[in-house]
**Q** 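Before anything else, here's the structure in question.
In each ligand, atom 1 is the first atom listed, and ligand 1 is the first ligand listed. Everything quoted here is computed from the prediction, not taken from an experiment. All values below come from the heavy atoms of this structure, side chains included, with hydrogens, waters and symmetry mates left out.
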Amino acid sequence: MTYIVNDNCIKCKLMDCVEVCPVDCFYEGENMLAIKPDECIDCGVCEPECPVEAIHSDTEENMEKWAEINRVYSEKWPVITEKKPPPDDAKKWDNVSNKFEKYFNKNSGK
Ligand code: SF4
Ligand code: F3S
């Protein structure tokens with residue numbers, strides 16, 4: 001198993017999660033993060049840190065899509081180990097529906 005980041009991270013990208021991961025397995029896209037499944041040790045520490053509940057165990061229902069997206073993009077994006085300032089309008093994007101279809105950006109974060 002692994003933990004995954006789902007689409008509620010998109011455009012929120014609060015980055016509280018990166019500070020607590022003991023193995024630094026978060027990777028940064030332009031507007032969301034991904035967890036690398038091969039590196040995640042399933043400690044679960046990051047899950048309660050996300051203010052918008054975008055982190056889940058892949059053992060929960062309907063997580064296959066997100067597990068694959070995390071696997072694919074964690075291979076493409078750079079590792080992130082320190083929190084940066086989140087987007088100014090992050091709060092506005094919590095719980096917006098269909099964020100992946102409408103707003104996902106496959107480019108790397110900077
Ligand atoms: Fe890192 Fe643990 Fe979260 Fe996996 S579950 S991403 S190892 S903090
Ligand atoms: Fe995203 Fe939540 Fe981390 S919004 S960057 S998964 S703290």
**Q** Please state which protein non-hydrogen atom is closest to atom 5 (S) of ligand 2 and give its distance, to 0.1 Å?
**A**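 Result: M15 N, 3.2 Å.
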**Q** Quick check on atom 1 (Fe) of ligand 2: does C12 put an N/O/S atom closer than 2.8 Å to it?
**A**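 Under 2.8 Å: C12 has no N, O or S contact with atom 1 (Fe) of ligand 2.
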**Q** Does atom CG of N98 have more than 12 heavy-atom neighbours from other groups under 6.0 Å away?
**A**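 Above 12, so yes.
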**Q** How about NZ on K65, more than 12 heavy atoms from neighbouring residues, nucleotides or ligands closer than 6.0 Å, or not?
**A**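 Atom NZ in K65 is crowded, with more than 12 foreign heavy atoms closer than 6.0 Å.
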**Q** Please could you name the atoms of ligand 2 that K13 approaches to less than 4.0 Å, counting only its heavy atoms?
**A**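 With K13 as reference, the close atoms of ligand 2 come out as 4 (S), 5 (S).
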**Q** With a cut-off of 4.0 Å, which atoms of ligand 2 are near a heavy atom of D16?
**A**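 Selected atoms, number and element: 7 (S).
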**Q** Measure up the Y73 and F104 rings against each other and bin them: parallel (under 30°), tilted (30 to 60°), perpendicular (over 60°).
**A**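 The arrangement is perpendicular - the two ring planes meet at more than 60°.
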**Q** Under 4.0 Å from any heavy atom of G44, which atoms of ligand 1 are there?
**A**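 Listed by number with element, the hits are 2 (Fe), 5 (S).
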**Q** List ligand 1 atoms under 4.0 Å from V23, heavy atoms only on the residue side.
**A**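 Selected atoms, number and element: 7 (S).
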**Q** Mark up the atoms of ligand 1 that fall under 4.0 Å of a heavy atom belonging to C25, in ascending order.
**A**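 Reading through ligand 1 atom by atom, the close ones are 1 (Fe), 6 (S).
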**Q** With heavy-atom distances below 4.0 Å as the criterion, list the atoms of ligand 2 near C50.
**A**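 This gives 2 (Fe), 4 (S), 6 (S), 7 (S) as the contact atoms.
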**Q** If I take atom CD from residue E68 and atom CE from residue M63, how far apart are they, to the nearest 0.5 angstrom?
**A**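 CE of M63 is found 15.0 Å from CD of E68.
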**Q** Any N/O/S atom of C46 sitting less than 2.8 Å from atom 4 (Fe) of ligand 1, backbone or side chain?
**A**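 Not a single backbone or side-chain N, O or S atom of C46 is under 2.8 Å from atom 4 (Fe) of ligand 1.
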**Q** Which ligand 1 atoms, with their elements, are less than 4.0 angstrom from a heavy-atom of Y3?
**A**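 Listed by number with element, the hits are 5 (S).
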**Q** Does E82 CD have over 12 foreign heavy atoms under 6.0 Å away?
**A**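 Counting neighbours around CD of E82, 12 or fewer heavy atoms of other residues, nucleotides or ligands fall under 6.0 Å, so no.
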**Q** Hey, which atoms in ligand 2 end up nearer than 4.0 Å to a heavy atom of V52?
**A**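 The atoms of ligand 2 under 4.0 Å from a heavy atom of V52 are 4 (S).
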**Q** For atom 4 (Fe) of ligand 1, which protein heavy atom lies nearest, and how many Å away is it?
**A**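 Nearest neighbour among protein heavy atoms for atom 4 (Fe) of ligand 1, to 0.1 Å: C40 SG, 2.4 Å.
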**Q** Looking only at heavy atoms, what is the nearest atom pair of D42 and T2, with distance?
**A**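 Nearest pair, atom of D42 first, then T2: OD1-CA, 3.0 Å.
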**Q** Is atom CD of E19 surrounded by more than 12 heavy atoms (other residues, nucleotides or ligands) closer than 6.0 Å?
**A**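 For E19, atom CD is crowded (more than 12 foreign heavy atoms under 6.0 Å).
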**Q** What atoms in ligand 2 come closer than 4.0 Å to a heavy atom of C17?
**A**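 Result: 3 (Fe), 5 (S), 6 (S), 7 (S).
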**Q** Nearest protein heavy atom to atom 1 (Fe) of ligand 2, by residue and atom, and its distance?
**A**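 Looking only at protein heavy atoms, the one closest to atom 1 (Fe) of ligand 2 is C9 SG, 2.4 Å.
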**Q** If you have a sec, work out which protein heavy atom is nearest atom 1 (Fe) of ligand 1 and how many Å separate them, to one decimal?
**A**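 Looking only at protein heavy atoms, the one closest to atom 1 (Fe) of ligand 1 is C21 SG, 2.4 Å.
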**Q** When you measure from the side chain of K11 to the backbone of K99, do you find a donor-acceptor pair of N or O atoms at a distance under 3.5 Å?
**A**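 No, because the side chain of K11 does not come within donor-acceptor range (under 3.5 Å) of the backbone of K99.
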**Q** Answer yes or no: is there a side-chain heavy-atom contact under 4.5 Å between F26 and C46?
**A**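 Yes, at least one pair of side-chain atoms sits under 4.5 Å.
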**Q** For P22, counting its heavy atoms only, list the atoms of ligand 1 lying under 4.0 Å from any of them.
**A**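 Near P22, the atoms of ligand 1 are 8 (S).
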**Q** With a 6.0 Å cut-off (strictly less than), is the heavy-atom count around NZ of K106, excluding the residue itself, greater than 12?
**A**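 Atom NZ in K106 is not crowded, with 12 or fewer foreign heavy atoms closer than 6.0 Å.
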**Q** I'd like to check which ligand 1 atoms, numbered from 1 as shown, lie under 4.0 Å from a non-hydrogen atom of F26.
**A**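 Per the distance check, 6 (S).
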**Q** Do N6 and N8 meet the criterion of a side-chain donor-acceptor pair at a distance under 3.5 Å?
**A**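 There is no such pair between these side chains.
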**Q** Please find the pair of heavy atoms, one from P86 and one from K13, that lie closest to each other, and give the distance.
**A**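 Heavy-atom minimum between the residues: CB-O, 3.6 Å.
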**Q** L33 heavy atoms, cut-off 4.0 Å: which ligand 2 atoms fall inside?
**A**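 Those of ligand 2 that fall under 4.0 Å from L33 are 5 (S).
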**Q** Looking only at non-hydrogen atoms, find the nearest pair between P37 and I35 and report the distance.
**A**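 Result for this residue pair: CD-O, 3.2 Å.
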**Q** Let me check something: do I41 and V79 share a hydrophobic cluster, defined by ILVMFWY side-chain heavy atoms less than 4.5 Å apart, either directly or through other members?
**A**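 Different hydrophobic clusters.
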**Q** Should one rank L14, I10, I4 by closest heavy-atom distance to atom 4 (S) of ligand 2, which comes out on top?
**A**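 The nearest heavy atom belongs to L14.
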**Q** Have a look at ligand 1 and work out which part of I41, if any, has a heavy atom under 4.0 Å from it: side chain, backbone, both or neither.
**A**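 The part of I41 near ligand 1 is both the backbone and the side chain.
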**Q** Of the side chain and backbone of I55, name the one, both, or neither that has a heavy atom under 4.0 Å from an atom of ligand 2.
**A**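 The part of I55 near ligand 2 is the side chain, not the backbone.
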**Q** Suppose we measure from atom 2 (Fe) of ligand 1 to each protein heavy atom; which comes out shortest, and what is that distance?
**A**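 Checking every protein heavy atom, the shortest distance to atom 2 (Fe) of ligand 1 gives C43 SG, 2.2 Å.
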**Q** Tell me, please: is C17 in heavy-atom contact with ligand 1, that is, under 4.0 Å?
**A**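 C17: no contact with ligand 1 (<4.0 Å).
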